[in-house]
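Okay, structure first, notes after.
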Amino acid sequence: RSRSQPSPRPNQARGVTRPTPSRARQVGADHHPPPTSPKSTRGADKSAKQRRPMATSATWTHSKPLSPEHHFRRYPQAWLSPVDSDSAPELNIEMTETIIEPVTASTLLRSTRASPASRSNERDPHAVLLRRGHFLRLSTILQEAARWKVRREISIARSLAVMLDQPSVHTRSTSVGDIDQPIAALTMDAALAIRGIESWLNVPDVHYWPPVAGSRTILKKLPEVEVHGHIVPVSNVRRLAGIRLRADTEMVRWVPVVSIEEAMLDLARYAHPLQAWVGCSMALRAIAPFDPRDSAESRRQADRVKLGLLEEVSRKIAKRQSRRAQDIIRGIDGGTQNSGEAALYWLTSVVLRGDESSASRPVPQMSVSTPGGRFFLDIGFPEIGLGLEMDGRTKLSMGADALGSWMDRQHALLRAGWKLVRYPYSSLSDPEGLAHLLAADLSAHGLRAQAPGGPMWRPVSSYLLAPERRF
């Protein structure tokens, strides 16, 4: 390339032309390296190698600060074109398109500053920093949005910003015909959150697979964000090391994401048992929707999904990871409606480990017929007439009519001979204490419950229990 022709910026897609900024000069067009003597050829080569990427990565330098309206630009839609899955069958990558509003890659803003230092001088007061060079306008999130919704949308926007920084995503068009190598893809909790699937963490770390398998995990931090008076805590960016078990990548909100099944396998392999159990339970419910009025058929569909995942685990995962991953996939149930019920079901499985009697088999979302009507228990033990209930904020904030119906349900179950044990959602802030309390309650009703332990139990860190981070 001649010196009179500027080199393209590394993050510019093919086929996208950008107008030359006003009052700007081209770097490298009129610059010549100082002459060197033949004796210093080796040093000159080294200096040239050090200078070349600098001239390429800073093609344009502005002679004066840009106004705020020029400070940001929207990501070009040409970078984020829809994907045609029939154009490259040889890649064995399944591509589909899913667009979910309001936060997508096209709604993010990117700084056009020439250097990080100048980018921090002027910042749009109506935008928040997600990652260096990536911003989100505050108007994208409603002023009256609930705190959990604000945190979830910021987490999704962070994931989008991380993926747009991956060379395999933003240096070429995302049509499959232009992809000549594997691309990076979101996974684990981030892959579920971007699809609107609940998991244990409302502000999860951003895990992604690199285009090529790496040998070490890269860790970076994303800054704390304040939106409409709500604080979104710091989260981490983690690049997974190892080999992907699948090669099916979907385009969700215009960025590549692993399939739900692969996200479940990665959670079972790498996440904490509580995080993996809850995330896999909610993902299973998304793949095989659970109908409590036809629970038998719903569980048959879920068992078919679990059987396919178990075969992949036994065939592709090393024995060290295989046992726990199989226990998680085999134990989850699509009947758990939310993260609180899934966490209670995990603790129940932990304290009842080793008890193979039919009386100790918990049934999530169990149907109970009474003279007062048909009701569904969060977790039921049909042989001993015991039900476990997780009381969340929704039940405690019901109106008068809904509260009256809830009391009628309670009395109908008690008159039918059922024994109910209720736990507040706040008890999940101490999983180990709740496990001991649960073991005592189950033992009092004739079950052989133990203290928390076994391969499915690990102490839960304060990072996973932070109230501003989890649902």
key: Check: R409 side chain, F376 main-chain N or O, donor-acceptor pair, under 3.5 Å   = yes
task = Check step by step if side-chain hydrogen bond (donor to acceptor under 3.5 Å, both in side chains) holds for E198 and N338.
result = CA-CA 7 Å; E198 181 180 348; N338 51 58; over 6 Å; no
request  = Rounded to the nearest 0.5 Å, what's the gap from CG on L284 to CD1 on I329? Could you check?
outcome  = 10.0 Å
key: W148 and F471 aromatic ring geometry - parallel, tilted or perpendicular at 30°/60° bounds   = tilted
key: Gap separating the CG atom of D303 from the CZ atom of R330, nearest 0.5 angstrom   = 11.5 Å
request  = Of all the heavy-atom pairs spanning F375 and A412, show the shortest one and how long it is.
outcome  = CE1-CB, 3.6 Å
request  = Kindly indicate, with the supporting measurements, whether the criterion salt bridge (charged side-chain N to carboxylate O under 4.0 Å, His left out) is fulfilled by R299 and D333.
outcome  = CA-CA 8 Å; R299 286 195 166 91; D333 191 288; 3.0 Å; yes
key: Residue pair V203 / S155: nearest heavy atoms and the distance that separates them   = CA-OG, 3.4 Å
inquiry  = Between R195 and E250, is the side-chain contact (heavy atoms from CB on, under 4.5 Å) condition met? List the steps.
reply    = CA-CA 11 Å; R195 290 183 170 93; E250 304 171 357; 2.6 Å; yes
ask   = After noting the C-alpha distance and the side-chain angles of I154 and I141, does the key distance pass the side-chain contact (heavy atoms from CB on, under 4.5 Å) rule?
value = CA-CA 9 Å; I154 291 297; I141 302 177; 3.8 Å; yes
query = Got a second to check how far W209's CH2 is from R239's CZ, nearest 0.5 Å?
reply = 11.0 Å
ask   = Looking at A343 and L274, what are the two nearest heavy atoms and their distance?
value = CB-CD1, 3.8 Å
note = Output for pair (K316 NZ, E311 CD), nearest 0.5 Å, gives 11.0 Å
Partner of C280 under side chain to side chain contact (heavy atoms under 4.5 Å, CB included), chosen from I260, L192, L267 = L267
remark   = Heavy-atom closest pair (D165 atom, R131 atom, distance to 0.1 Å) is OD2-NE, 2.7 Å
query = After noting the C-alpha distance and the side-chain angles of S367 and R374, does the key distance pass the side-chain hydrogen bond (donor to acceptor under 3.5 Å, both in side chains) rule?
reply = CA-CA 7 Å; S367 175; R374 185 182 183 186; 2.8 Å; yes
remark   = Nearest heavy-atom approach of R158 to V232 is NH2-O, 3.6 Å
ask   = Quick one: does H228's side chain get under 4.5 Å of E144's, heavy atoms only?
value = no
ask   = Which atom names give the shortest non-hydrogen contact between D291 and S298, and what distance separates them?
value = N-OG, 2.9 Å
task = Return yes if some donor-acceptor pair links the side-chain N/O of S159 with the main-chain N/O of V206 below 3.5 Å, else return no.
result = no
message = Donor-acceptor check, side chain of E389 to backbone of D378, threshold 3.5 angstrom: yes or no?
response = yes
task = Determine the sole option in I332, I287, L265, I328 for which the side chain to side chain contact (heavy atoms under 4.5 Å, CB included) test with L309 is passed.
result = L265
query = Would you say the side chain of D189 lies within less than 4.5 Å of the side chain of H207, judging by non-hydrogen atoms?
reply = no
message = So for atom NZ, which belongs to K220, do other residues, nucleotides or ligands contribute more than 12 heavy atoms lying within a distance under 6.0 Å?
response = no
request  = For the residue pair L201 and L464, establish whether any side-chain heavy-atom pair is separated by less than 4.5 Å.
outcome  = yes
request  = Starting at CG of L130, measure out to CG of L222 and round the result to the nearest 0.5 Å.
outcome  = 8.5 Å
ask   = Does any non-hydrogen side-chain atom of D441 lie less than 4.5 Å from one of L388?
value = no
key: Evaluation steps, side-chain contact (heavy atoms from CB on, under 4.5 Å), between L344 and Y425   = CA-CA 10 Å; L344 181 62; Y425 188 82; over 6 Å; no
request  = Could you tell me the separation between the CG atom of L186 and the OH atom of Y208, rounded to the nearest 0.5 Å?
outcome  = 10.0 Å
ask   = side-chain contact (heavy atoms from CB on, under 4.5 Å) between W200 and H272: does it pass, once the steps are laid out?
value = CA-CA 10 Å; W200 175 253; H272 185 279; over 6 Å; no
inquiry  = Do L347 and W457 make a side-chain contact, defined as non-hydrogen atoms from C-beta onward lying under 4.5 Å apart?
reply    = yes
task = Check whether any side-chain heavy atom of N202 sits under 4.5 Å from a side-chain heavy atom of R470, and report yes or no.
result = no
Residues, nucleotides or ligands: over 12 heavy atoms within 6.0 Å of I243 CD1 = no
ask   = Got M163 and P256 here, is their nearest side-chain heavy-atom distance under 4.5 Å?
value = yes
ask   = Is it true that a side-chain atom of Q166 and a backbone atom of V162 form a donor plus acceptor pair closer than 3.5 Å?
value = yes
ask   = Charged N to carboxylate O under 4.0 angstrom, D266 versus R269?
value = yes
query = Is there a donor-acceptor contact under 3.5 Å from the side chain of R324 to the main chain of A268?
reply = yes
inquiry  = Please check: side-chain N/O of R151 versus main-chain N/O of A146, any donor-acceptor pairing under 3.5 Å?
reply    = no
Any side-chain heavy-atom pair of I194 and L160 under 4.5 Å = yes
